[in-house]
Amino acid sequence: MADEEQSPSRLAEVRAARIEKVARLRELGVDPYPSTFGERQEIAWAREQPEESGVRIAGRLVLWRRHGGSTFANLRDQSGQIQIQLRKDVVGEGKYELVKLLEVGDFIGVSGPLFTTRTGELTVKVEEFSVLTKTLRPLPEKWHGLTDPETRVRKRHLAYIADPEEMRNVATRATFIRSIRSFLEERDFIEVATPVLESIPGGADAEPFTTHHNALGRDFYLRISLELPHKRLIVGGFERVYEVGRVFRNEGIGREHLQDYDLLEFYWAYADLDALKQLVQQFYASVIESTFGSLKLTYGDDVLDFTPPWPELDYFELFRGIGIDLDAHPTAEALLPVARERVGDEAKPGLGRGRLIDMIYKREIRPTLIQPQLLTGHPVDISPLAKRDPQHEGRVQRIQVLMAGSEVGNGFAELNDPLDQRARFEEQQRLREAGDREAQMLDEEFLEALEYGMPPTAGFGVSIERWLMYLTNSPTIRDVVAFPLVRPPSD
RNA sequence: GGGCCCGUAGCUCAGCGGUAGAGCAGCGGACUUUUAAUCCGAUGGUCGCGGGUUCGAUCCCCGCCGGGCCCCCCA
């Protein structure tokens, strides 16, 4: 890191002093970076042992209080933290010289019996210790920690050191995904893997990233959803498939939006919308209960209650609730004045009716939907891949899961009429040509597959990160991923 | 894309026209039961970058870069 070494700062001095300590350790015959400490116990386990038990633990020094011939320090591993005491008369005068070369941040291994200090703190009386890793850079300040949001994201390792609690989100995510898999596996869904690079990105309204394939000499898109390949698997004869896969959307950064995230999708042949509604509620209840141990979780000022059955809301009813009869505005032109009144200039002429409806919904309705519930009866205009509802002209058989004013799950009876699907894609193409960059692209290969026949199928998708953000009461979605995208440092 | 705010030591923060400050960490010293240990001492800065105004700019103005929040939007 040449740029670091040029820096004439305090950091450079600290770093030089620590490199000097590395050299002094070597002069004393101590390897500052040994390969192993051998067997060790977890600190959390050690804390459970009775007094006088011998323990052997390792970790990072996080606090350091030297006073003459005795030094107290706090040692932390992934499981927890414990105080240790290093005494000159216990470890020996020669070995105690090494203590002077240690500092906060270093990894050491220690062994010795447990005792309780006069102030009541469980402590390891260190008889033997070894340096495991000497650190060169100072840790964030011990009391205030690391507060700068930029550094917290760019140097996530420091954020975890400063706030070990945050590591929990990583573990929670692992448990959560395991629960998801086992719920679906128990119901005979097969986990599949579909391509990340696509000729035509489909299955969602989103702008894609592009990349280049050298050998084929052409550009590809990174997928924005998993939907179309999964449906081709259903065409091929699979009846229950699912995937947890990374998707990429070339769009804005915000508290609810990442550029790459894990999407869960599953497709279930011969199931209708009613069956999907039942399964989705069971699914959410099951994975939330097994991950968090409760169906009532706090988000912000609200307690979200996931106990089924959830209320069901009708899309058109909600619009009537805010004084808009969508049936009375059957075209984009007819709806435009209403939309402008509600959302202002953002509602531009040329946008499709679906996009206008969606804008009003997102502005006026969705933020009021706090408790987990199912939204149904969406207009066909905003659902180009969903089957029409034979009971309601202009509407589709679709559900969205709403919680905390946000969309956390989306499913429908999949459109399997190939000619209708072609017509919907053609309508999307018209919208694209009119300037809607998120309108979907026509996928001829997918249409051809549909012409071979896809049985009636219910499908569902949900963003793992968005879902976890609400379940873990995280103010921003960046909190649930270790390394969200950031602008690279300029040189 | 629009509005508001922020960028000073490794970290946490003061200062806001007149020689750049503190705490933590680090360095030297004292101290064998401390808990953000304490005490003494010395050290540490291209005040995000570039222009402008001014006798003089970390401070005022303009631009740029990076970040945050709120709108907007894709889950």
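Per chain, numbering begins at 1; letters A, B, ... match sequence-line order. Keep in mind that what you see is a predicted model, and the values were worked out from it rather than measured.
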Any side-chain N or O of [X] below 4.0 angstrom from OP1/OP2 of [N]?
X	N	answer
A:Lys142	B:rA37	yes
A:Lys155	B:rC11	no
A:Lys362	B:rC73	no
A:Arg487	B:rG67	yes
A:Thr116	B:rU33	no
A:Arg154	B:rG67	yes
A:Thr147	B:rU12	yes
A:Arg66	B:rC39	no
A:Arg466	B:rA75	no

Separation of A:Asp205 CG from A:Arg437 CZ (nearest 0.5 Å): 14.0 Å

If you measure from CD1 on A:Ile288 to CG on A:Leu471, what distance do you get to the nearest 0.5 Å? 5.0 Å

Rounded distance in Å - [atom1] ([X]) to [atom2] ([N]):
X	N	atom1	atom2	answer
A:Asp148	B:rG48	CG	C1'	12 Å
A:Asp358	B:rC73	CG	P	8 Å
A:Lys100	B:rG26	NZ	P	15 Å
A:Arg255	B:rC73	CZ	P	14 Å
A:Glu251	B:rA75	CD	P	7 Å
A:Arg478	B:rC69	CZ	C1'	12 Å
A:Leu258	B:rC73	CG	P	18 Å
A:Arg10	B:rU12	CZ	P	17 Å

Do the side chains of A:Glu427 and A:Arg430 get close enough for a salt bridge, i.e. N-O under 4.0 angstrom? yes

Salt bridge or not for A:Asp443 and A:Lys231, using N-O below 4.0 Å?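 Judged by the 4.0 Å cut-off on N to carboxylate O distance, A:Asp443 and A:Lys231 do not form a salt bridge.
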
Would you say the side chain of A:Arg65 and the base of B:rU34 hold a donor-acceptor pair, judged only by whether the two atoms sit under 3.5 Å apart? yes

Tell me if the side-chain of A:Gln83 makes a donor-acceptor pair with the base of B:rU34, cut-off 3.5 Å, by modelled atom types. yes

Nearest heavy atom decides the nucleotide; on that basis, is A:Leu63 or A:Thr117 closer to the 5' end of RNA chain B?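 Checking each residue's closest nucleotide, the 5'-ward one belongs to A:Thr117.
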
What interatomic distance, in whole Å, is found between [atom1] of [M] and the corresponding atom of [N]?
N	M	atom1	result
B:rA42	B:rG21	P	15 Å
B:rG15	B:rC70	C1'	29 Å
B:rU46	B:rU58	C1'	12 Å

Selected nucleotide, minimal atom distance to [X] side chain, candidates [options]:
X	options	result
A:Ser70	B:rC31, B:rU32, B:rC27	B:rU32
A:Leu146	B:rU32, B:rU34, B:rC11	B:rC11
A:Glu141	B:rU33, B:rU12, B:rA25	B:rU12
A:Glu407	B:rC73, B:rA36, B:rA75	B:rA75
A:His67	B:rA25, B:rU12, B:rA37	B:rA37
A:Ala17	B:rC11, B:rU34, B:rG26	B:rG26
A:Arg87	B:rU32, B:rA25, B:rU12	B:rU32

Counting the atoms with a prime plus P, OP1 and OP2 as sugar-phosphate, which does [X] contact under 4.0 Å by heavy atoms, base, sugar-phosphate, or nothing?
X	result
A:Glu103	sugar-phosphate
A:Tyr470	nothing
A:Gly145	sugar-phosphate
A:Lys21	sugar-phosphate

So, A:Glu243 and A:Tyr267: side-chain donor and acceptor under 3.5 Å apart, yes or no? no

Do A:Arg223 and A:Thr194 have a side chain donor and acceptor closer than 3.5 Å?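 Note: A:Arg223 and A:Thr194 side chains meet the donor-acceptor criterion.
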
I'd like to check A:Ile464 versus A:Ile180 (side-chain heavy atoms, cut-off strictly below 4.5 Å). Are they in contact?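 Of all side-chain heavy-atom pairs linking A:Ile180 with A:Ile464, at least one is under 4.5 Å.
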
B:rC60: pairing nucleotide in any strand, Watson-Crick or G-U under 3.5 angstrom: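 Checking every strand shown, B:rC60 finds its partner in B:rG52, with both distances under 3.5 Å.
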
With the stacking rule set at 5.5 Å and 30°, tell me whether A:Phe72 counts as stacking on B:rA37.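 A:Phe72 vs B:rA37: stacking no.
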
Between A:Arg76 (side chain) and A:Gln81 (backbone), is there a donor-acceptor pair under 3.5 Å?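 Flag not set: sc A:Arg76 to bb A:Gln81 has no pair under 3.5 Å.
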
